[in-house]
Amino acid sequence: METPAVAAQRLVASLQDLRAGPLVLQEVIALGAAAVPALEDFLRGPSQSLYHSRALAADALAAIGNDESVAALVRALRDCIARHPDPMALEAESVVISRIAEHLGKYRRTEVIDALLEALQTRPYSGCARALAEIGDGRAIPLLVDCLHDDAARSTAMEGLRRFGAAAIARLRAALAMPHYVHGIESPSRIDGRTAAARLLAELGDRASLTRALDDRQRAVRLAAALGLAGCTGSHTRMPEQAMQTLLQGLDDPDWARADTIMQALTPHGPSLAGRLELIMADGRWDDATRRRRRQAAVLAGRLGLSAAAPRLARLSGAGDPALRLAAINALAQLPAASASQLACFLTDPEPVVARRALEALQYRGALGARNLAQWLSYALSGPTPWKRWRQLWRLLAAAGKARRQKSGVVRS
């Protein structure tokens with residue numbers, strides 16, 4: 001009959017088998033302290049391109065959970081961070097280190113904390129960042145701030161810094177205010193790290209740091225600071241003028257989601273935006289950024305229901321950008337104060353989707369009179385792709401009839 005130590009050696013060796021390993025894991029854990037030496041040897045074995053087997057060994061040591069197994073995990077962590085594996089095994093080794101660290105995050109022991117700090121000083125391991133945040137040792141704050149500059153560890157570091165709250169403000173301020181240039185260029189990961197610092201400072205209500213960041217050299221940092229100030233602005237405070245201008249300039253962002261975030265930040269300040277948005281829409285330059293900014297300004301005017309912007313939106317019927325004309329008619333359709341004549345400016349648009357939107361808006365308001373319809377039909381017969389316009393007309397008239405019956409409550413099944 002084999003001894004527990006021999007059984008442990010046999011079962012632990014089975015962990016190497018990707019199929020059988022998970023099946024014998026519970027048997028290994030049931031051996032308790034007798035399995036610790038074999039598990040530690042296995043965990044500290046050679047680096048491999050696959051992490052699954054060694055991660056199972058770390059899970060088994062954590063499940064055993066006695067002093068010997070915790071000490072084995074600490075030794076394994078120190079052993080792993082001292083390695084310099086080849087590129088094929090580097091990612092797998094990082095996963096093993098993070099798995100060990102996550103298990104150690106349950107223990108507030110000096111030797112555990114020291115090992116985790118040492119690991120995070122070596123590389124920005126996400127698991128180590130998460131473990132130190134759970135433990136709550138303040139010495140982790142500067143290391144977590146450094147992790148903001150790593151794409152893989154950034155989100156974990158932000159979660160960890162939120163746990164420390166106001167204690168992290170000083171380090172976050174320093175990170176935000178200190179760009180790192182190499183040959184006059186700041187890397188995208190460094191910019192994203194400082195942007196993350198700005199978002200965290202906004203959550204902590206540090207308006208002074210965000211205000212200073214409005215003069216930053218990097219557009220992404222300026223926008224993050226302005227968005228943060230918009231979020232910090234309450235009913236008793238006013239958004240700084242520079243922050244407002246930064247957000248308005250940011251409407252040209254090519255990423256739709258970011259542009260939408262900017263519009264949401266501007267929405268509470270609607271009454272003061274009418275004149276500014278009109279100026280943007282009146283900008284006749286043809287560069288891509290200006291065109292995007294004009295389109296988003298039109299969209300925002302519609303969302304905010306800025307009746308004062310209706311004349312400017314109507315004048316956009318002559319703009320050379322079809323997307324801008326579509327944004328303008330969509331915005332006008334949302335403005336109760338927009339007149340039928342302003343909507344009718346778009347009836348003869350060469351883009352069928354714009355003309356159809358104008359027809360729909362007029363029909364919805366009950367303003368699709370004979371004059372407007374005749375105007376549209378006249379252009380439909382002489383304009384480009386008339387057969388498409390006729391097809392759209394019949395669809396529109398069918399939809400109009402259905403809507404009219406619904407209003408009168410006589411819809412037939």
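Below, each value reflects all heavy atoms present in this structure, side chains not excepted, and no hydrogens, waters or symmetry copies. Just so we're clear, the structure is a prediction, and the values are computed from it rather than from any experiment. In this chain, residues are counted from 1 in sequence order.
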### Task
Count the heavy atoms of every other residue, nucleotide or ligand shown that sit under 6.0 Å from CZ of R173, and state whether that count exceeds 12.
yes
### Task
Applying side chain to side chain contact (heavy atoms under 4.5 Å, CB included), name anything that partners A243, two or more places apart in sequence or on another chain.
L214, A226, L229, M239, P240
### Message
Per the side chain to side chain donor-acceptor pair (under 3.5 Å) rule, what does the pair list look like for residues 298-317, sequence neighbours excluded?
### Response
D260-R303
Please tabulate, for side-chain N and O atoms in residues 13-25, each donor-acceptor pair with protein atoms closer than 3.5 Å (sequence neighbours left out).
{"from": "S14", "atom 1": "OG", "to": "R10", "atom 2": "O", "distance (Å)": "3.2"}
{"from": "D17", "atom 1": "OD1", "to": "R19", "atom 2": "N", "distance (Å)": "2.8"}
{"from": "D17", "atom 1": "OD1", "to": "A20", "atom 2": "N", "distance (Å)": "3.2"}

## Note on the structure
Rounded to the nearest 0.5 angstrom, the CG-CG distance for L120 and L144 is 6.0 Å
#### Entry: S47-R83 side chain donor-acceptor pair, cut-off 3.5 Å
yes
### salt_bridge(D41, R44) N-O dist < 4.0 Å
no
### Query
Should the pair E241-R276 be classified as a salt bridge under the 4.0 Å nitrogen-to-oxygen rule?
yes
### Query
Does a salt bridge link R194 with D216, judged by any charged N lying under 4.0 Å from a carboxylate O?
yes
### Query
What pairs with R212 under side chain to side chain donor-acceptor pair (under 3.5 Å), at least two apart in sequence or on another chain?
S209
### Query
According to the salt bridge (Lys or Arg N to Asp or Glu O under 4.0 Å) rule, which pairs have a member within residues 127-138, sequence neighbours left out?
E102-R130, D137-R139
### Message
Assess whether a salt bridge exists between D283 and R294, defined as any Lys/Arg side-chain N lying under 4.0 Å from an Asp/Glu carboxylate O.
### Response
no
### Task
Scan residues 320-348 for pairs that pass salt bridge (Lys or Arg N to Asp or Glu O under 4.0 Å), counting only residues two or more places apart or in two chains.
R291-D321, R295-D321, R325-D349
### Task
State plainly whether the residues D252 and R219 are in salt-bridge range, i.e. N to O under 4.0 Å.
yes
